[in-house]
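Any value given below was found using the heavy atoms of this structure, including those in side chains, with hydrogens, waters and symmetry copies removed. This chain uses plain numbering: 1 for the first residue, then up along the sequence.
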Amino acid sequence: MSDNLKTIKELADELGVSKTAINKKVTDRERKLWFAKIGNKFVINEDGQKSIKRMFERVTENQESQTENLEQKPNSQTENFRNNNENNADIKYILDIIEYQKEQIKDLQNTKDEQFKQLSNMQNLLDQQQRLALQDKKLLEEYKSEIKELKSLKMPQEDMKDGSPIRGEAQEEIERLKAQLKLSEEERNKAKEKEPVKAESKKWWHFGRNVK
């Protein structure tokens, strides 16, 4: 054990008292300040040792007087009294340890609840990110579909550009129709030219007939 730390038994042996006597003198607040648990033992720091020694120094005379009075009683009664005091002190010491362990369990439970809350928040954020990713994917698919439709609408216009096969076929059809129209117009013109000649020859025929 370190020179600065002593177990309750070591300090009790040094002062010539029992562990129970030391536990009775120390309050709960002082125990939290001076006591620490190492392994399965409780040790007292240097400040606690000094304070406990002063406690016993101040009450030395009172203890000696009480001891003399107790020695005057029958040995059996003295022994019973001492045993009862020690038992009560041991019970108080055990209850203090249980209370200390309860506080530790409470701290652990609070830490566990906080960690669970953090995990829940992380899970909610992950779910939200997944939903956003699905929405982005859906929007991307819709965007691709719209682009595809726009490209399909532009294809006929691109097919009509100079040099494209569709443009060439359309131009040939137009030229063919123009030629047919021109031929029809020429035939109509020829037909018109023949009509006045027939009328004039008919008039001369009537004139000759009247002369006779």
Hey, is OH on Tyr100 packed in by over 12 heavy atoms from elsewhere, all under 6.0 Å? no
Note, Lys178 side chain near Leu181 side chain (heavy atom, < 4.5 Å): no
Separation between CG of Asp90 and NZ of Lys24, rounded to the nearest 0.5 Å: 11.0 Å
Between CD of Glu46 and OG of Ser51, what distance do you get to the nearest 0.5 Å? 10.5 Å
Do you know which two heavy atoms are closest between Ile38 and Leu5, and how far apart they sit? CD1-CD1, 4.1 Å
Looking only at atom types and distance, does a side-chain atom of Gln49 sit under 3.5 Å from a main-chain N or O of Asn4, one as donor and one as acceptor? yes
Give a yes or no on whether a salt bridge exists between Asp96 and Lys92, defined as a side-chain N under 4.0 angstrom from a carboxylate O. yes
Closest heavy-atom pair and its distance - Ala12, Lys19: CB-N, 3.9 Å
Do Val26 and Ile97 share a hydrophobic cluster, counting only Ile, Leu, Val, Met, Phe, Trp and Tyr and linking them when any side-chain heavy atoms are less than 4.5 Å apart? yes
Got a sec, which pairs hit salt bridge (Lys or Arg N to Asp or Glu O under 4.0 Å) with one end in residues 98-125, sequence neighbours left out? Lys32-Glu103
Rounded to the nearest 0.5 angstrom, the CD-CD1 distance for Glu57 and Ile52 is 12.0 Å
From Leu140 atom CG to Ser145 atom OG, the distance as rounded to the nearest 0.5 Å: 11.5 Å
State, yes or no, whether a side-chain contact exists between Phe35 and Val43 at a heavy-atom distance under 4.5 Å. no
Does Ile94 belong to the same Ile/Leu/Val/Met/Phe/Trp/Tyr cluster as Ile8, with side-chain heavy atoms less than 4.5 Å apart forming each link? no
Walk me through whether Ile147 and Lys144 qualify under side-chain contact (heavy atoms from CB on, under 4.5 Å). CA-CA 5 Å; Ile147 292 176; Lys144 288 181 178 179; 5.7 Å; no
Surrounding CZ of Arg29 (heavy atoms of other residues, nucleotides or ligands, distance under 6.0 Å), is the total greater than 12? no
Quick one: does Leu132's side chain get under 4.5 Å of Gln135's, heavy atoms only? yes
Glu14 versus Leu11: any side-chain heavy-atom pair under 4.5 Å? yes
Do Val17 and Ile22 make a side-chain contact, defined as non-hydrogen atoms from C-beta onward lying under 4.5 Å apart? yes
Nearest 0.5 Å, what's the OH-CD1 distance between Tyr93 and Ile98? 11.5 Å
Do the charged groups of Arg31 and Asp28 touch, with an N to O distance under 4.0 Å? yes
Lys25/Glu30 salt bridge by N-O under 4.0 Å criterion: no
Under 3.5 Å: donor-acceptor pair, side chain of Asn45, backbone of Leu33: yes
For Gln128 and Asn124, which I'm curious about, is there any donor-acceptor pair between the side chains at under 3.5 Å? no
Determine whether Leu119 and Gln123 satisfy the following criterion, side-chain contact (heavy atoms from CB on, under 4.5 Å), listing intermediate values before the conclusion. CA-CA 6 Å; Leu119 289 174; Gln123 184 64 40; over 6 Å; no
Below 4.0 angstrom, N of the basic side chain to O of the carboxylate: do Glu173 and Arg176 qualify? yes
